[in-house]
Amino acid sequence: MEIGYFSIVLVLLLFLLLFSGLWIGYSLMAVAAATLLVYSNAPIGMVMATTVWGESAKWALTSLPLFIWMGEILLRTRLGEDVFHGLAPWLSRVPGRLLHVNVLGSGMFAAVSGSSTATCATVGKITMPELLGRGYPSSLAIGSLAASGSIGLLIPPSIILIVYGVAAEVSVSRLFMAGVIPGILTLLLFSIYICLWSLIYRKRIPASDGENSTFWQKIVIGRRMLPVVGLIVVVIGSIYTGIATPTEAAAL
């Protein structure tokens, strides 16, 4: 079979396996096995076993379960609630008000857990009942959470960047450094959109509950965010200063 037609067959096979509900990893392994079966005389079992073991035994991948564990810790503690109540007074005069908590909170948790799933679940568990209960538009509340929750793919310590760095044999630390500015700019664009939308549809944004808070009161309430800020400093700061590798930072 010509390589062009066979490539089409492989793509169709991949989509068929994915749509059938088979896990992505197993689907890719099946397509790889089919390619070896057609174009190689090497023992498929030996080649697949050696490749899978060689790729999964790399030390940098040790950080993945540690960052996922951190995401679970954040999800099951009250840190998400502390971040919400710590940010809320500072955003009372910004167009869109508490909608920005979705954006800033997602950025903060992404900088700790590295997982978009954990970030979205942690932030959404706290912010969605509050926002909907106070009368914020459900479409914008859900949309801002869905968009900013995915920032965990970009902001270090991104799990996807770790996997890519291992697969492409690129420095994970350099990838982390490269993801900071694009991640911050993305969050800034989300906030700008919320501001513009809120200025156009002023009547759909409820009145603020914290406009009368003094600066000192905001400082006192903002102290509740210190544990999460401390985690960000430990994880990202240890990597950027060269004190720890991404794997060691995950353990810290």
Side-chain angles (χ1 to χ4, degrees), residues 70-155 180 183-233 235-236:
M70 173 58 71
E72 283 295 314
I73 293 174
L74 295 175
L75 178 61
R76 301 179 188 279
T77 60
R78 68 175 212 176
L79 290 176
E81 182 180 352
D82 289 342
V83 169
F84 177 86
H85 291 291
L87 286 173
W90 295 95
L91 301 171
S92 60
R93 297 184 182 275
V94 180
R97 297 189 179 94
L98 297 184
L99 289 171
H100 294 281
V101 176
N102 275 345
V103 178
L104 298 179
S106 295
M108 294 178 67
F109 280 104
V112 177
S113 68
S115 169
S116 293
T117 304
T119 297
C120 200
T122 304
V123 177
K125 182 181 70 172
I126 303 301
T127 62
M128 291 309 298
E130 291 281 351
L131 293 176
L132 298 180
R134 299 187 187 198
Y136 284 86
S138 59
S139 58
L140 197 59
I142 296 173
S144 61
L145 175 63
S148 55
S150 64
I151 203 66
L153 298 173
L154 188 59
I155 289 182
V180 174
I184 294 175
L185 289 177
T186 303
L187 292 175
L188 181 61
L189 289 174
F190 290 157
S191 289
I192 291 175
Y193 176 84
I194 292 175
C195 289
L196 293 177
W197 191 95
S198 301
L199 291 174
I200 296 174
Y201 303 98
R202 292 177 181 271
K203 295 182 179 180
R204 300 188 62 182
I205 301 298
S208 174
D209 296 331
E211 290 187 354
N212 296 325
S213 299
T214 64
F215 180 78
W216 176 246
Q217 289 175 330
K218 294 178 181 179
I219 292 291
V220 173
I221 298 175
R223 291 187 303 176
R224 301 178 66 174
M225 296 186 293
L226 289 179
V228 176
V229 174
L231 286 173
I232 296 174
V233 172
V235 174
I236 298 182

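Worth knowing before you read on, the calculation uses all heavy atoms, side chains too, and leaves out hydrogens, waters and symmetry mates.
The minimum heavy-atom distance linking Gly124 with Pro129 is given by the pair O-CD, 3.7 Å. Taking both residues in full, the closest heavy atoms of Gly105 and Val83 are given as CA-CG1, 4.3 Å, listed atom of the first, atom of the second, then distance. In this structure, Asp82 and Met225 approach most closely via the heavy-atom pair O-CG, 4.1 Å.
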Test log, rule side chain to side chain contact (heavy atoms under 4.5 Å, CB included), inputs Leu185 and Leu189: CA-CA 6 Å; Leu185 289 177; Leu189 289 174; 5.5 Å; no
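Considering only heavy atoms from C-beta on, Ile155 comes within 4.5 Å of Leu187 through its side chain. Contact check for Ile184 versus Val180: side-chain heavy atoms found under the 4.5 Å cut-off. Using a 4.5 Å heavy-atom cutoff, the side chains of Leu99 and Ile205 are in contact. At least one side-chain heavy atom of His100 sits less than 4.5 Å from a side-chain heavy atom of Cys195. Contact of the Met108 side chain with the Leu231 side chain is not registered, since no non-hydrogen atoms from C-beta on lie closer than 4.5 Å. For the pair Val101/Leu91, a side-chain contact is recorded, criterion being any heavy-atom separation below 4.5 Å from C-beta on. Proximity of Trp90 to Ile219: side-chain heavy atoms (C-beta onward) are separated by under 4.5 Å at one or more points.
We find the CD-CG distance between Glu130 and Leu98 to be 8.0 Å, quoted to the nearest 0.5 Å. To the nearest 0.5 Å, atoms CZ (Phe109) and CD1 (Ile232) are separated by 8.5 Å.
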Going by atom type alone, with no hydrogens or angles, which donor-acceptor pairs under 3.5 Å involve a side-chain atom of residues 143-151 and a protein atom two or more places apart or on another chain?
from: Ser144; atom 1: OG; to: Asn102; atom 2: ND2; distance (Å): 2.9
from: Ser144; atom 1: OG; to: Leu140; atom 2: O; distance (Å): 2.9
from: Ser144; atom 1: OG; to: Ala141; atom 2: O; distance (Å): 3.0
from: Ser148; atom 1: OG; to: Asn102; atom 2: O; distance (Å): 3.2
from: Ser148; atom 1: OG; to: Ser106; atom 2: OG; distance (Å): 3.4
from: Ser148; atom 1: OG; to: Ser144; atom 2: O; distance (Å): 2.4
from: Ser150; atom 1: OG; to: Ala147; atom 2: O; distance (Å): 2.6

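In this structure, Tyr193 has its ring center at least 6.0 angstrom away from the ring center of Trp197.
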